[in-house]
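Structure first, commentary second.
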Amino acid sequence: MLSQKENQTQSRTGKRISLNSENYYDLTTDKQYQSPTFFKKFLACEAAAMAEINGKYKPDFKKALLVGNYLHSYFESPEAHQKFIDKNQDELLSKRKPHGLLKEYKDADKIIDTLKDDDGFTKLYQGSKEVIVTGQIDGVDWKGKVDCLNLEKGYFIDLKTTQDILKVYWNSETRTKESFVAKWNYQLQMYVYKELIYQTFGVWCDPYIAAVSKQDIPDKAIISIPDERLYEAEALIDEKQSHIEDVKNGIVEPERCERCEYCILTKKLNEIVSMDDIIN
Ligand SMILES: [Zn+2]
């Protein structure tokens, strides 16, 4: 077992909740710790992120999260997978007879098979699983959960499922093509995890993504993150973090993006827009 230091840090804002696998995804810990997931939510829409963190808005991601945890628990250990299945039986099985596994989980089984039968993957996916790490980035407390951490060999792996590994996305802001990794800003998560692993264990580790596609025949790849992508992520946090903290602490009003589900749900028609302004 890893000699993980106590996940409790004292910061300028007071005592932090100690993190464990039970409370890691609780909103109370999201209030105290920043995480790559919430940082990205704040970048996308501050109003939606604040509403979610305050429990006023619940995006419908429960199913996607469950499918993700189903997959992760398999590669954590047989016991963890069984425990997950037992705990979530009602969600996994069809309400209709003969009450078989729902399609999402059958698809997840296909993804599992794709990885578990691959020697390259099983050799690489060695180390401690679902490791919670914490630390500070520019004075702000962050948390992370690493899928697979190999301190001896100095690397960590995050499992990702995606529609199609080779799919090219168009970034209308930078007017460039990008991969699914950049589209979902996974390099930011990898940068943060690398920092937190160093702060928790004193070892610099290389980040890898083990990606599997959700196609009928799942494609797979082990993806590295070049240093310049990690620097970009660092620069983005540098640029945006203090504003996001001000929003989170109620010092600055959150801005609405007027595009996301939350903004549409809470929209009030109190202004008129020009036909030329609705195309952006
Ligand atoms: Zn919005």
Side-chain angles (χ1 to χ4, degrees), residues 13 24-69 104 137-138 140-145 158 160-164 167-193 214 229 232-280:
T13 42
Y24 182 82
Y25 292 110
D26 284 357
L27 289 174
T28 43
T29 68
D30 286 316
K31 279 184 191 168
Q32 299 200 349
Y33 294 89
Q34 187 56 274
S35 64
T37 308
F38 258 98
F39 196 83
K40 289 192 280 182
K41 285 180 189 211
F42 274 100
L43 290 179
C45 180
E46 295 171 4
M50 279 309 278
E52 187 180 341
I53 222 168
N54 289 323
K56 291 179 184 150
Y57 166 61
K58 225 176 168 180
D60 187 21
F61 61 79
K62 200 180 165 212
K63 208 173 233 179
L65 191 73
L66 273 181
V67 174
N69 289 345
E104 298 89 296
I137 297 178
D138 295 333
V140 174
D141 291 309
W142 282 70
K143 63 173 179 176
K145 202 181 199 191
D158 204 75
K160 297 279 184 218
T161 55
T162 189
Q163 228 181 327
D164 172 354
K167 186 169 170 177
V168 175
Y169 294 85
W170 177 250
N171 184 328
S172 58
E173 223 168 273
T174 57
R175 305 194 68 77
T176 51
K177 292 181 196 168
E178 61 188 18
S179 67
F180 83 92
V181 180
K183 163 77 182 166
W184 306 112
N185 212 341
Y186 290 143
Q187 68 273 26
L188 183 132
Q189 182 192 356
M190 297 294 103
Y191 163 73
V192 170
Y193 283 13
K214 298 177 190 166
R229 288 297 196 167
E232 270 174 31
E234 182 181 12
L236 183 68
I237 292 174
D238 239 28
E239 184 193 336
K240 306 282 187 187
Q241 177 157 267
S242 67
H243 172 73
I244 289 176
E245 282 302 298
D246 284 350
V247 173
K248 231 180 137 177
N249 295 321
I251 297 162
V252 176
E253 278 290 303
E255 214 170 293
R256 296 167 59 88
C257 75
E258 301 299 357
R259 285 162 178 271
C260 71
E261 189 191 78
Y262 170 78
C263 287
I264 293 170
L265 275 169
T266 54
K267 202 173 203 173
K268 296 271 185 290
L269 287 180
N270 51 15
E271 60 174 33
I272 292 166
V273 285
S274 158
M275 62 180 272
D276 293 322
D277 290 336
I278 56 176
I279 53 156
N280 287 321

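Whatever order the structure lists ligands and atoms in, that order sets their numbers, starting from 1.
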Check whether any side-chain N or O of Glu46 sits under 3.5 Å from a backbone N or O of Glu255 as a donor-acceptor pair, and report yes or no.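 Here the side-chain-to-backbone pair exists.
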Donor-acceptor contact present, side-chain Glu234 to main-chain Tyr191, <3.5 Å: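 Flag not set: sc Glu234 to bb Tyr191 has no pair under 3.5 Å.
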Mind telling me whether Phe180 and Tyr186 have parallel, tilted or perpendicular rings, with 30° and 60° as the class edges?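 The arrangement is perpendicular - the two ring planes meet at more than 60°.
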Under 2.8 Å from the Zn ion (ligand 1), which protein N, O or S atoms are there? Could you list them by chain and number?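 Atoms qualifying: Cys45 SG, Cys257 SG, Cys260 SG, Cys263 SG.
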Looking at residues at least two apart in the chain, or sitting in another chain, which of them share a side chain to side chain contact (heavy atoms under 4.5 Å, CB included) with Ile251?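 Ile251 satisfies side chain to side chain contact (heavy atoms under 4.5 Å, CB included) with Asp246, Asn249 once adjacent residues are dropped.
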With sequence neighbours excluded, tell me which residues meet side-chain hydrogen bond (donor to acceptor under 3.5 Å, both in side chains) with Gln163.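 With sequence neighbours excluded, Gln163 shows a side-chain hydrogen bond (donor to acceptor under 3.5 Å, both in side chains) to Lys167, given in chain and number order.
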Quick test of your reading: applying side-chain hydrogen bond (donor to acceptor under 3.5 Å, both in side chains), list the pairs with at least one residue in residues 264-274, sequence neighbours left out, ordered by first then second residue.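 For residues 264-274, and leaving out neighbouring residues, the side-chain hydrogen bond (donor to acceptor under 3.5 Å, both in side chains) pairs sorted by first residue read Arg256-Thr266.
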